[in-house]
Q: 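Please find one structure pasted underneath; my questions will follow.
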Amino acid sequence: MTTWLLKTEPDDYSYTDLIRDKRTEWDGVANPAAQKHMRDIKKGDEAFIYHTGAERAIAGIAKVVRGAYEDPAHEGVRTAAGDVKFTLFDVAPGKAAKTPGTLAEIKADPAFKDFDLVRQSRLSVMPVPPKLDAKLRKMAGL
DNA sequence: GCCAACGTTGGC
DNA sequence: GCCAACGTTGGC
């Protein structure tokens with residue numbers, strides 16, 4: 001069981017949209033580093049949904065209802081290492097955050113100093129180490 | 001609105 | 001295969 005963090009621009013797709021849809025394919029990720037992480041996403045994993053843009057806060061947590069599978073839009077494309085290059089996974093809403101776990105709050109805690117969200121601001125899919133997972137849940141009231 | 005950090009593209 | 005130019009993301 002791994003916990004992930006998924007970034008989204010709420011104007012494009014927000015946690016509220018996920019609640020409305022009840023389930024969605026997490027697509028639109030082209031970045032190779034993010035795709036590398038996505039291949040490891042399994043059914044039963046959980047994922048914080050983080051809103052970028054003006055919000056910069058955790059909006060809620062989602063459940064992975066279908067683990068990584070090949071994106072039919074890019075079928076047959078492989079990486080140099082022979083992995084499926086483009087995968088998708090499906091998520092369903094979990095709980096909405098009671099309190100926003102803001103980026104400012106995250107940055108204020110030295111434990112997050114090496115976290116990808118802080119270190120590599122452009123990465124859109126990243127694993128959350130267990131210690132940070134617990135802290136984030138506390139911050140967001142999840 | 002700006003710009004740093006990073007990815008991608010295309011000419012060589 | 002390198003790298004300069006260009007495009008994009010996301011925090012500020």
Side-chain angles (χ1 to χ4, degrees), chain A residues 1-42 45-142:
Chain A
M1 238 288 282
T2 309
T3 302
W4 306 90
L5 186 143
L6 309 175
K7 287 207 288 206
T8 181
E9 168 60 53
D11 286 347
D12 292 340
Y13 198 83
S14 69
Y15 190 74
T16 311
D17 293 329
L18 178 59
I19 291 171
R20 179 201 62 208
D21 294 346
K22 298 195 173 64
R23 173 178 183 137
T24 197
E25 294 178 337
W26 203 263
D27 58 10
V29 180
N31 181 288
Q35 276 289 343
K36 196 166 193 290
H37 290 312
M38 283 167 69
R39 282 176 230 134
D40 295 330
I41 295 183
K42 306 266 193 301
D45 286 354
E46 291 185 294
F48 292 103
I49 306 297
Y50 172 87
H51 286 172
T52 59
E55 274 188 57
R56 299 192 301 280
I58 289 165
I61 201 157
K63 276 254 174 213
V64 176
V65 291
R66 185 180 175 192
Y69 57 95
E70 185 165 11
D71 183 348
H74 302 277
E75 213 182 329
V77 183
R78 296 291 178 270
T79 65
D83 294 315
V84 171
K85 189 162 186 182
F86 295 103
T87 60
L88 303 177
F89 57 93
D90 295 357
V91 290
K95 282 189 184 143
K98 286 200 189 68
T99 53
T102 64
L103 181 64
E105 203 180 339
I106 290 166
K107 282 191 159 177
D109 186 335
F112 289 97
K113 186 167 67 70
D114 294 324
F115 188 39
D116 288 340
L117 185 70
V118 175
R119 238 193 36 215
Q120 204 186 331
S121 69
R122 291 181 61 190
L123 186 65
S124 59
V125 178
M126 68 198 78
V128 181
K131 270 195 177 168
L132 302 185
D133 181 1
K135 275 177 175 281
L136 286 180
R137 280 173 205 261
K138 196 171 273 184
M139 278 184 195
L142 292 162

Q: Can you measure A/Leu123 atom CG to B/dG7 atom P for me and round it to whole angstrom units?
A: 9 Å
Q: Whole angstroms only, please: what is the CZ-P distance between A/Phe112 and C/dG11?
A: 15 Å
Q: Distance check needed: C/dG10 P versus A/Asp116 CG, whole Å only.
A: 13 Å
Q: Nearest whole Å is fine: how far is C/dT9 P from A/Tyr50 OH?
A: 15 Å
Q: Using the side chain to side chain contact (heavy atoms under 4.5 Å, CB included) definition, which of the options A/Asp11, A/Thr16, A/Asp17 pairs with A/Tyr13?
A: A/Asp17
Q: Between atom CZ in A/Arg119 and atom C1' in C/dG10, what is the gap in whole Å?
A: 17 Å
Q: Which of these nucleotides, C/dC12, B/dC6, B/dT8, is closest to any side-chain atom of A/Pro32?
A: B/dT8
Q: Within the pair A/Gln35 and B/dG7, is there a side-chain N or O less than 4.0 Å away from OP1 or OP2?
A: no
Q: Whole Å only: how far is the NZ atom of A/Lys7 from the C1' atom of C/dG10?
A: 7 Å
Q: Is it the case that over 12 heavy atoms from other parts of the model lie below 6.0 angstrom from the NZ atom of A/Lys7?
A: yes
Q: Whole angstroms only, please: what is the CZ-P distance between A/Arg56 and C/dG10?
A: 12 Å
Q: Mind checking if A/Gln120 touches a base, just sugar-phosphate, or nothing, with heavy atoms under 4.0 Å?
A: sugar-phosphate
Q: Would you say the side chain of A/Leu117 lies within less than 4.5 Å of the side chain of A/Phe112, judging by non-hydrogen atoms?
A: no
Q: I need the CG-C1' distance between A/Leu103 and C/dG10, as an integer number of Å.
A: 10 Å
Q: In terms of the angle between their ring planes, are A/Phe89 and A/Trp26 parallel, tilted or perpendicular, with boundaries placed at 30° and 60°?
A: parallel
